[in-house]
Amino acid sequence: MTTLIKNINQLVGVREETKLLRGAALAELPIIENAYIIIEDGIIAEYGTMTKFYPAFGGTQFQHTIDATNQFILPAWCDSHTHLVFAASREDEFVDKLKGLSYAEIAAKGGGILNSAAKLNTMSEDELFNISWKRLEEVSKLGTGAIEIKSGYGLSVDGELKMLRVIKKLKEKSRLSIKSTFLGAHTYPLEYKENHQGYIDLIIKEMLPVIAKEKLADYIDVFCETGFFSPEETETICRAGMSYGLKPKIHANQLNLSGGVQVGVKLGAISVDHLETMGDEEIRLLAKASPFGGGLEGATIGTLLPTAAFFLRMPFQPARQLIDASCVIALASDYNPGSSPSGNMNLVIAMSCIQMKMLPEEAINAATINGAYAMELQTELGSITIGKKANLIFTKQIPSLAYLPYAFGNNLIDKVMVSGEFV
Ligand code: NIG
Ligand code: FE
């Protein structure tokens, strides 16, 4: 099937070649004004200016023609860090927090991640799939075309496998590009609170072999944090995952200088995520970091999750310092019931500009092409490039690109296309 989109006010994120963006290059967002795109079988086949379109394709018949007069078209968001599969919301804890309890205090009361795990372990796989499918549909309408989803609310062999099987089914049934991450090491279940080695053994001996056999995950993650998993435990668990071919993407430096960045850099992680708490040493290390296998042109990506910082009233990630130090950064939603009950990437982008002083171009690049790299999807997604999937955001009529983060909270998306079809 061939689709023509014509009269596009601005076609945003047009790149002949795909490069990981860092430093000053993060602010470069190439645009074509008054543009067209041709899509063949869900793939971007051609693009250019309307003045070039008429001589080249003026006489060609297209099966579908879409007029995008007054609209901007951008690559769909690549949300590289979410916990979208969960059983129930936790607004009761939210209210506890309003009354003064801290995140750590709520966790110590058996709330937090353990609360989510208790609910998930009693829910059937089908039910879990159905509610997760709905969330996936919602975020796709908000412009997300590719997404990473983690386990980590099972914390038992059956619960973790159930979550990963749900993610696998989402992958099979959805047109969105999905990556799956095993986060069995999200927190210690109560019965292992004093027996860390027992739970680590369960992860390594009981969970990982099945995950590898059934090909249930692409990545391995650990919540490396004071009171959760130490850097040494993180390294042991990641190395076990790596022996099955799972590359690390690590929850690092959310609440403390936890050593998570150091262990991520040492292991050559694809990304270290959160980074609310960063010292000079962590920034210096991350700027120089390379993943194992060299798959990302020499960078471990720092994935910033500003809506989690916002929701937990934490200091925002030091985006400007990271960009100035030439670290590679991506933006993601962290969609989860405890610290970011929103998967709205438009809000993530607005918040990164408003609170972290990222430029609109930097934020869009960090949420598209760099986000695609953080899921190793850079050859198929993240920019308007011939041969990539037609995952596109059509905006409503807006005066400029900067209007998107500026007019935060407004719904500025008209429609979203995934693999050439509207969601
Ligand atoms: O990324 N920090 C660890 N995990 C999640 C929150 C989990 C929860 O509270 O349910 C996060 O913020
Ligand atoms: Fe997270």
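Atoms within a ligand are numbered from 1 in the order they appear, just like the ligands themselves. What you are looking at is a predicted structure, and each value in this text was computed from that prediction instead of being measured.
- With 2.8 Å as the limit, His274 does not count as an N, O or S neighbour of the Fe ion (ligand 2).
- Considering only non-hydrogen protein atoms, atom 6 (C) of ligand 1 sits nearest to Tyr103 OH, 3.3 Å.
- From the protein, the heavy atom lying nearest to atom 4 (N) of ligand 1 is His186 NE2, 2.7 Å.
- Using a distance-only test at 3.5 Å, with no hydrogens or angles considered, a donor-acceptor pair links the side chain of Tyr219 to the main chain of Met375.
- Note: no N/O pair closer than 3.5 Å links Ser116 and ligand 1 by distance alone.
- The nearest heavy-atom contact from the protein to atom 12 (O) of ligand 1 is Ser339 OG, 2.5 Å.
- With a 6.0 Å radius and a threshold of 12 heavy atoms from other residues, nucleotides or ligands, Glu194 has its CD atom at or below the threshold.
- Ring geometry, His251 versus His81: the interplanar angle exceeds 60°, so the pair is classed perpendicular (tilted spans 30 to 60°).
- Of the possible polar contacts, one joining the Glu160 side chain to the Gly154 backbone as a donor-acceptor pair under 3.5 Å is found.
- For His64, there are no ring pair (Phe, Tyr, Trp, His ring centres under 6.0 Å) partners, not counting sequence neighbours.
- With respect to atom 11 (C) of ligand 1, the closest heavy atom belonging to the protein is Asp334 OD2, 3.2 Å.
- Of all the heavy atoms of Tyr153, the ones lying under 4.0 Å from any atom of ligand 1 belong exclusively to the side chain.
- Remark: side-chain polar atoms of Ser151 are paired, donor with acceptor, to backbone N or O of Leu183 under 3.5 angstrom.
- Within the coordination shell of the Fe ion (ligand 2), defined by N, O or S atoms under 2.8 Å, Asp273 is absent.
- For ligand 1, the atoms closer than 4.0 angstrom to any heavy atom of Gly338 are 8 (C), 9 (O), 10 (O).
- Only the side chain of Gln254 comes within contact range of ligand 1, with a heavy atom under 4.0 Å; no backbone atom does.
- Below 30°, between 30° and 60°, or above 60°: for His186 and Tyr153 the angle between ring planes is between 30° and 60°, a tilted geometry.
- Glu225 does not count as a contact of ligand 1, since none of its heavy atoms falls under 4.0 Å from the ligand.
- Residue His251 approaches the Fe ion (ligand 2) most closely through its N/O/S atom NE2.
- Classification of the Phe86-Tyr335 ring pair by plane angle, with boundaries at 30° and 60°, yields perpendicular.
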